[in-house]
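Here's the structure, in structure tokens; my notes come after.
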Amino acid sequence: MSNYKQLIDKPIFKTVGLVADDTGHEAYVVGGYVRDLLLKRHSKDIDFVTVGSGIDLARAVGRALGHKIKVTVFRSFGTARLCWRGTELEFVGARRESYDRNSRNPVVEDGTLDEDIARRDFTINAMAICLNGPRFGELIDRYNGVSDLEAGIIRTPLEPNVTFSDDPLRILRAVRFATQLQFAIAPETLEAMARNAGRMTILAHERIKDELQKIMGAPRPSTGFELMMRTGV
């Protein structure tokens with residue numbers, strides 16, 4: 001584990017950390033924001049995970065930020081969102097997921113931080129930074145996401161066939177990240193994408209369209225289309 005205290009030396013992270021300490025929550029900034037922070041890319045959204053109720057933590061953070069902050073709650077998803085100085089902050093409780101073969105919508109249950117990290121799509125998105133007291137700035141990197149960022153590699157944290165069979169949208173997300181970041185896809189990950197390409201028939205057309213639009217918006221969209229050709233997508 002490494003300490004990234006200087007990278008998150010910002011008022012919002014200090015506020016969330018202090019509120020988490022005061023309310024007895026473990027709190028972490030996770031996922032895409034951590035990835036972009038390490039890549040020195042701008043990110044307009046920040047995702048927070050807590051071991052406990054993300055809604056309760058969001059409400060407490062909203063109170064700490066000021067009476068004009070509106071907290072929007074999505075109770076069926078166990079998430080809450082608020083906007084602070086033009087940045088969207090989303091809070092969710094740590095969870096684990098299980099999937100039905102005929103749907104990409106998981107059954108979600110409360111879980112540990114390790115279970116929450118393990119369910120994420122790629123190692124570069126499976127990192128977290130702790131915001132609590134003496135652990136402020138501690139990087140949790142169970143699946144060597146930093147190494148994969150440095151090497152420019154897209155790979156899944158768990159067995160790739162399980163990852164893509166559970167949620168085949170991750171196949172297109174792999175293509176998208178490889179295209180946007182100009183990263184290579186690990187051979188075993190690429191093979192699993194091809195093996196599970198047929199599973200994409202369960203996806204809603206809107207989700208496919210969203211990923212295709214992001215691929216088209218990358219500096220070199222042809223990278224994505226070459227990957228889709230190679231994998232049968």
Side-chain angles (χ1 to χ4, degrees), residues 1-75 77-97 108-150 157:
M1 295 184 186
S2 302
N3 193 285
Y4 288 77
K5 185 175 181 178
Q6 291 184 337
L7 282 180
I8 58 168
D9 187 19
K10 298 178 181 179
I12 188 58
F13 296 122
K14 292 179 179 178
T15 297
V16 173
L18 287 171
V19 170
D21 287 341
D22 288 344
T23 57
H25 288 81
E26 288 181 42
Y28 304 84
V29 56
V30 297
Y33 187 86
V34 177
R35 177 199 68 229
D36 288 343
L37 189 69
L38 298 182
L39 288 173
K40 299 181 180 178
R41 298 172 78 224
H42 174 71
S43 183
K44 61 182 180 180
D45 303 311
I46 307 176
D47 291 333
F48 298 93
V49 162
T50 182
V51 181
S53 172
I55 294 172
D56 289 351
L57 180 59
R59 285 173 169 161
V61 170
R63 290 192 294 270
L65 292 174
H67 68 280
K68 293 184 179 180
I69 298 294
K70 179 183 178 182
V71 178
T72 303
V73 172
F74 304 91
R75 190 164 295 280
F77 296 100
T79 65
R81 185 180 300 153
L82 60 90
C83 185
W84 184 78
R85 297 184 180 178
T87 300
E88 292 287 335
L89 314 180
E90 183 159 314
F91 296 79
V92 65
R95 54 193 180 179
R96 60 176 179 266
E97 298 175 343
V108 178
E109 300 175 291
D110 292 342
T112 66
L113 177 68
D114 284 350
E115 288 171 327
D116 193 274
I117 288 173
R119 72 180 178 81
R120 295 177 182 269
D121 50 9
F122 308 112
T123 60
I124 63 172
N125 296 332
M127 295 178 285
I129 297 178
C130 186
L131 301 178
N132 292 98
R135 296 179 59 206
F136 187 86
E138 178 187 295
L139 178 71
I140 292 86
D141 183 16
R142 306 278 194 251
Y143 300 99
N144 301 312
V146 170
S147 296
D148 285 343
L149 275 182
E150 293 172 347

d(Arg135 CZ, Ile140 CD1) to nearest 0.5 Å is 5.0 Å

To the nearest 0.5 Å, atom CG of Asn132 lies from atom CG of Leu18 at 10.0 Å

So CD1 of Ile46 and CD1 of Ile12: to nearest 0.5 Å the spacing works out to 6.5 Å

Walk me through whether Phe91 and Thr50 qualify under side chain to side chain contact (heavy atoms under 4.5 Å, CB included). CA-CA 7 Å; Phe91 296 79; Thr50 182; over 6 Å; no

Between Ala126 and Ile117 the two heavy atoms that sit nearest each other are O-CG2, 3.1 Å

Tyr28 meets the ring-ring contact (aromatic ring centres under 6.0 Å, His included) criterion, sequence neighbours left out, with none

Check: With a 4.5 Å limit on heavy-atom distance, are the side chains of Leu131 and Phe48 in contact?
Finding: yes

Smallest heavy-atom separation, Ile55 atom then Ala80 atom, equals CA-CB, 4.0 Å

Taking every heavy atom of Pro157 against every heavy atom of Ala118, the minimum-distance pair comes out as CG-O, 4.0 Å

Checklist entry - Checking Asp148 side chain against Ile124 main chain: does a donor-acceptor pair fall under 3.5 Å? => result no

Minimal heavy-atom distance between Phe13 and Tyr33, with the atoms involved, is CZ-CE2, 3.4 Å

The reported gap from CG in Leu149 to CG in Leu39 (rounded to nearest 0.5 angstrom) is 4.5 Å

* To do: Could you please spell out the steps behind the side chain to side chain contact (heavy atoms under 4.5 Å, CB included) verdict for Asp9 and Lys14?
  => CA-CA 7 Å; Asp9 187 19; Lys14 292 179 179 178; 2.7 Å; yes

Taken to the nearest 0.5 Å, the spacing of Asp141 CG from Met127 CE works out to 6.0 Å

Check: Is there side-chain contact between Thr23 and Asp56, with at least one heavy-atom pair below 4.5 Å?
Finding: no

Those residues at least two apart in sequence (or on a different chain) that pass ring-ring contact (aromatic ring centres under 6.0 Å, His included) with Tyr143 are none

When every non-hydrogen atom of Glu88 is compared with those of Asp45, the smallest separation belongs to CB-OD1, 3.2 Å

- Item | side chain to side chain contact (heavy atoms under 4.5 Å, CB included) between Arg59 and Val73, intermediate numbers included | CA-CA 9 Å; Arg59 285 173 169 161; Val73 172; 3.7 Å; yes

Note: Val29 and Val34 closest approach over all heavy atoms is O-CG2, 3.4 Å

One should read off an interatomic distance between Leu82 CG and Thr87 OG1, to the nearest 0.5 angstrom, of 10.5 Å

- Message: Would Ile129 and Leu7 count as a side chain to side chain contact (heavy atoms under 4.5 Å, CB included) here? Give the steps.
- Response: CA-CA 10 Å; Ile129 297 178; Leu7 282 180; 5.8 Å; no

